[in-house]
> 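Would you mind keeping the following structure in view while I ask a few things?
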Amino acid sequence: MSFPLLTATAALPAIGAVATAAVPAARRNAAKSLALVFSLATLALAIVVLVRFDPDGGRYQLTESHSWIADFGVRYELGVDGIGVALVALTALLIPFIILAGWHDADPLETGSKRWRPTQGFFALILAVEAMVIISFEATDVFLFYIFFEAMLIPMYFLIGGFGDRAHEHGEEVASTQRSYAAVKFLLYNLVGGLIMLAAVIGLYVVAGNFSLTEIAEARANGTLDMATNTERWLFLGFFFAFAVKAPLWPLHTWLPNAMGEATTPVAVLITAVVDKVGTFAMLRFCLQLFPEASKWATPAVLVLAVISIIYGALLAVGQRDIKRLVAYASISHFGFIILGIFAMTSQGQSGATLYMVNHGISTAALMLVAGFLISRRGSRLIADYGGVQKVAPVLAGTFLIGGLATLSLPGLAPFVSEFLVLVGTFARYPAIGIIATFGIVLAALYTLVLYQRTMTGPVKPEVSAMPDLRARELVVVAPLIVLLIFLGVYPKPVTDIVNPAVKQTLSDVHKKDPQPEVEAAK
């Protein structure tokens with residue numbers, strides 16, 4: 001038997017979570033270091049997975065399959081295609097930076113009547129989320145995927161509600177209440193989506209007789225499993241609803257600004273750059289493969305919702321006075337682009353959507369983490385409390401600018417390529433939708449540049465006059481992300497070579513081909 005590489009990649013952070021939680025309370029720094037070591041070891045394994053993956057090989061590689069709950073046809077089945085392996089690598093890459101960025105976020109408060117939860121718990125929960133997200137990207141058994149899709153809500157609930165943002169404009173008691181509200185809202189929204197999905201999972205088993213993604217998809221392709229039209233559509237809606245909540249897609253998005261605003265900055269990055277990607281990934285892996293005809297039936301409605309998300313999220317970002325909530329609404333707009341690319345049903349659109357998942361994770365992490373460093377220095381999330389920062393902290397301002405320019409998809413930075421592909425792929429099949437979606441780019445330039453102008457330029461406010469520039473630990477966090485944004489903006493081929501074969505297979509599942517350009521015959 002070959003080494004179970006995919007299991008090891010998911011199990012290592014889970015073991016790290018247990019080991020970190022078991023460190024004695026007095027050895028806080030040891031717990032942090034242990035969590036960082038486990039996250040780096042997971043990254044090393046993810047790199048091995050990436051190297052072992054052959055883009056020109058079979059659809060699902062490094063597969064593992066073992067009987068689990070035999071009476072119900074549940075198996076422990078893992079495998080990665082090009083899309084899954086790219087997102088496993090993204091997750092493993094970002095977690096060490098999240099841990100480093102949050103190095104002091106769970107330390108006990110020096111003053112105040114309440115104390116934070118143990119530092120060990122904070123880092124153990126981050127590793128637990130990493131393990132569950134990775135196995136979600138690897139699972140090819142629908143029931144196995146569902147278990148971890150839901151289980152990750154528990155550590156996220158405690159990370160949001162128990163370790164909130166210290167930079168709050170209100171008192172500690174009000175801040176604690178708002179953290180609890182944000183955590184409960186996050187949990188309830190996602191639980192409702194999960195319960196609806198559970199009903200659909202059970203319905204799928206009744207129809208197909210098993211939970212294996214590969215077997216069901218193959219049976220759908222060769223005609224041995226024929227679902228009634230209404231049955232397929234209801235099952236699709238059950239799965240899609242849960243994924244749309246996680247993504248998040250308008251109008252199921254309202255939990256995200258609360259969660260990102262009240263969570264610590266590293267946890268906010270964990271939410272939008274890592275956890276939310278499970279929703280868009282699952283649309284590609286499960287909705288399109290299991291329910292191809294229903295996916296095509298729902299496409300017009302999904303495209304309209306995606307465009308609303310793009311414009312609505314960008315408009316609300318323009319009007320925000322809170323830095324973290326601005327980034328949250330910007331992410332809603334970006335997820336609209338990702339979903340638009342998925343349901344455009346073109347190779348350019350879906351390649352762009354997958355690339356967007358990776359690039360959005362990197363760009364949002366860069367912008368949000370630098371914003372967190374800025375907020376921790378001033379002790380305020382309000383944009384109006386800043387001004388002239390670039391004169392006293394030029395490196396901080398410079399990295400903030402690059403993260404912001406990546407958010408607005410400036411040519412030469414990674415998100416531009418993915419956004420361009422999404423729009424090209426959408427316009428090829430749905431020109432009106434593609435034209436409307438481009439207004440999101442204009443609005444992105446507006447909210448990004450206004451944010452930079454109000455915080456970094458102008459007269460130096462007295463409260464920021466003594467603000468220190470980025471420290472060594474913070475530079476270690478930000479610099480690699482900036483380098484990746486530039487590298488993938490200039491040379492995205494390493495990622496597109498991995499994801500393109502999987503995209504072509506997904507299009508084949510829904511029996512779609514790229515529309516041919518209309519060329520006027522030569523006279």
> Answer yes or no: is there a donor N or O on one side and an acceptor on the other, between the side chain of Arg321 and the main chain of Ala384, under 3.5 Å?
no

> Could you check whether any side-chain N or O of Thr9 sits under 3.5 Å from a backbone N or O of Ala46, counting only pairs where one atom can act as donor and the other as acceptor?
no

> Do you know the tightest heavy-atom contact between Val85 and Gly82?
CG1-O, 3.3 Å

> Report yes or no: is the cationic atom of Lys32 (NZ for Lys, CZ for Arg) closer than 6.0 Å to the six-membered ring centre of Phe123, at no more than 45° off its axis?
no

> Supply the atom-to-atom distance Leu191 CG to Leu188 CG, rounded to the nearest 0.5 angstrom.
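That separation rounds to 6.5 Å.
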
> Is there side-chain contact between Ile98 and Ile95, with at least one heavy-atom pair below 4.5 Å?
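A side-chain contact exists here, since the closest heavy-atom pair is under 4.5 Å.
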
> Quick one: do Leu34 and Gln120 satisfy side chain to side chain contact (heavy atoms under 4.5 Å, CB included)? Show the steps, please.
CA-CA 10 Å; Leu34 186 63; Gln120 289 84 339; over 6 Å; no

> Check for a donor-acceptor pair, side chain of Ser333 on one end and backbone N or O of Ile310 on the other, with a separation under 3.5 Å.
yes

> Decide yes or no for Val499 and Leu355: does some side-chain heavy atom of the first lie under 4.5 Å from some side-chain heavy atom of the second?
no

> Output, in order, the C-alpha distance, side-chain angles, deciding distance and verdict of side chain to side chain contact (heavy atoms under 4.5 Å, CB included) for Asp385 and Thr455.
CA-CA 8 Å; Asp385 288 341; Thr455 55; over 6 Å; no

> Would you call the rings of Phe145 and Phe286 parallel, tilted or perpendicular if under 30° counts as parallel and over 60° as perpendicular?
tilted

> Please check this pair: side chain of Arg285 against backbone of Thr280, looking for a donor-acceptor N/O pair closer than 3.5 Å.
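Such a contact is absent between Arg285 side chain and Thr280 backbone.
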
> Does Tyr452, at its OH atom, have more than 12 non-hydrogen atoms belonging to other residues, nucleotides or ligands within less than 6.0 Å?
yes

> What distance do Ile69 atom CD1 and Leu144 atom CG have between them, rounded to the nearest 0.5 Å?
9.5 Å

> When rounded to the nearest 0.5 angstrom, what distance separates CD1 in Ile160 from CD1 in Ile271?
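So the gap between those two atoms works out to 4.0 Å.
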
> Could you verify whether a donor N or O on one side chain and an acceptor N or O on the other, from Thr299 and Tyr430, lie under 3.5 Å apart?
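Their side chains do not contain a donor-acceptor pair, so the 3.5 Å distance test is not met.
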
> Answer yes if the ring centres of Trp255 and Phe186 are under 6.0 angstrom apart, and no otherwise.
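They qualify: ring centres under 6.0 Å apart.
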
> Quick check on Arg454: does its CZ atom have over 12 non-hydrogen neighbours (other residues, nucleotides or ligands) under 6.0 Å away?
no

> Tell me if a side-chain donor or acceptor on Glu232 pairs with a main-chain N or O of Glu293 at a distance below 3.5 Å.
yes

> For the pair Gln320 (side chain) and Leu316 (backbone), establish whether a donor and an acceptor sit closer than 3.5 Å, ignoring hydrogens and angles.
yes

> Could you tell me if the side chain of Asn359 sits less than 4.5 Å from the side chain of Phe416, heavy atoms only?
no

> Ion pair present between Arg381 and Glu262, side-chain N to carboxylate O less than 4.0 angstrom?
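A salt bridge links Arg381 with Glu262.
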
> Of the non-hydrogen atoms in Val477 and Ala101, which two are nearest, and what is the gap between them?
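Distance-wise, the nearest heavy atoms are CG2-N, 3.9 Å.
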
> With distance as the sole test, does Ser39 use its side chain to make a donor-acceptor pair with the main-chain N or O of Leu36 at under 3.5 Å?
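Yes; judged by distance alone, with no hydrogens or angles, the pair exists.
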
> Report the C-alpha separation of Val275 and Met132 in whole Å, then their side-chain angles, then the decisive distance to 0.1 Å, and conclude whether the side chain to side chain contact (heavy atoms under 4.5 Å, CB included) test is met.
CA-CA 9 Å; Val275 172; Met132 294 174 186; over 6 Å; no

> Could you check whether any side-chain heavy atom of Tyr386 comes within less than 4.5 Å of a side-chain heavy atom of Ile323, counting everything from C-beta outward?
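A side-chain contact under 4.5 Å exists here.
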
> Pairs under 3.5 angstrom only: tabulate donor-acceptor contacts from the side chains of residues 334-343 to other protein residues two or more places apart or in another chain.
{"unit_1": "His334", "atom_1": "ND1", "unit_2": "Ala330", "atom_2": "O", "d": "3.2"}
{"unit_1": "His334", "atom_1": "NE2", "unit_2": "Thr407", "atom_2": "O", "d": "3.2"}

> Testing the basics here: between Ala268 and Ala263, what is the closest heavy-atom pair and its distance to 0.1 Å?
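In terms of heavy atoms, the two residues are closest at N-CB, 4.2 Å.
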
> Would you say Arg429's side chain and Thr346's backbone share a donor-acceptor pair under 3.5 angstrom?
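Judged by distance alone, no pair lies under 3.5 Å.
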
> With a cut-off of 6.0 Å (strictly less than), are more than 12 heavy atoms of other residues, nucleotides or ligands near CH2 of Trp234?
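Counting other residues, nucleotides and ligands, CH2 of Trp234 stays at 12 neighbours or fewer.
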
> If you look at every heavy atom in Val417 and Pro492, which pair is closest and at what distance?
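Looking at all heavy atoms of both residues, the shortest contact is CG1-CG, 3.9 Å.
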
> Taking the six-membered ring for Trp, are Phe211 and Phe143 parallel (under 30°), tilted (30 to 60°) or perpendicular (over 60°)?
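If you compare the ring of Phe211 with that of Phe143, the planes turn out tilted.
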
> With rounding to the nearest 0.5 angstrom, report the CE to CG distance, Met368 to Leu326.
9.5 Å

> Looking only at heavy atoms, what is the nearest atom pair of Phe236 and Ala294, with distance?
CB-CB, 3.6 Å

> Carefully, step by step, assess Ile134 and Leu87 under the rule side chain to side chain contact (heavy atoms under 4.5 Å, CB included).
CA-CA 8 Å; Ile134 287 176; Leu87 293 174; over 6 Å; no

> Within the supplied structure, the quantity of interest is the number of heavy atoms (other residues, nucleotides, ligands) at a distance under 6.0 Å from Tyr312 OH; does it exceed 12?
yes

> Going by distance alone, is a donor N or O of one side chain under 3.5 Å from an acceptor N or O of the other, for Thr272 and Ser331?
yes

> Can a donor-acceptor pair be found, under 3.5 Å and without considering hydrogens, that links the side chain of Thr364 to the backbone of Gly361?
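It does not hold such a pair.
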
> Below 4.5 Å, heavy atoms only, C-beta onward: do Val201 and Phe239 meet side chain to side chain?
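Contact flag for Val201/Phe239 side chains = yes.
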
> Is there a side-chain contact between Met357 and Ser418 (heavy atoms, below 4.5 Å)?
no

> Using side-chain heavy atoms (C-beta onward) and a distance below 4.5 Å, is Leu6 in contact with Val88?
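Not in contact.
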
> Report yes or no: does Tyr146 contribute a side-chain atom to a donor-acceptor pair with the main-chain N or O of Gly194 at less than 3.5 Å?
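Yes; judged by distance alone, with no hydrogens or angles, the pair exists.
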
> Would you name the heavy atoms of Phe122 and Gly102 that are closest together and state the gap between them?
CE2-O, 3.9 Å

> For the atom pair CG (Asn230) and CG (Leu235), what is the distance rounded to the nearest 0.5 Å?
11.0 Å

> Nearest 0.5 Å please: distance from the CG atom of Leu252 over to the CH2 atom of Trp250.
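Those atoms lie 9.0 Å apart.
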
> Is there side-chain contact between His253 and Ser309, with heavy atoms separated by less than 4.5 Å?
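Counting from C-beta outward, His253 and Ser309 never come under 4.5 Å.
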
> Of all residues at least two apart in sequence or in a different chain, which pass the side-chain hydrogen bond (donor to acceptor under 3.5 Å, both in side chains) check with Glu474?
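Glu474: side-chain hydrogen bond (donor to acceptor under 3.5 Å, both in side chains) contacts with Arg377.
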
> For the side chain to side chain contact (heavy atoms under 4.5 Å, CB included) test, which of Leu396, Leu451, Leu401 pairs with Met456?
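The residue from Leu396, Leu451, Leu401 that satisfies side chain to side chain contact (heavy atoms under 4.5 Å, CB included) with Met456 turns out to be Leu396.
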
> Return the orientation label for the Tyr356 and His360 ring planes: parallel under 30°, perpendicular over 60°, tilted otherwise.
tilted

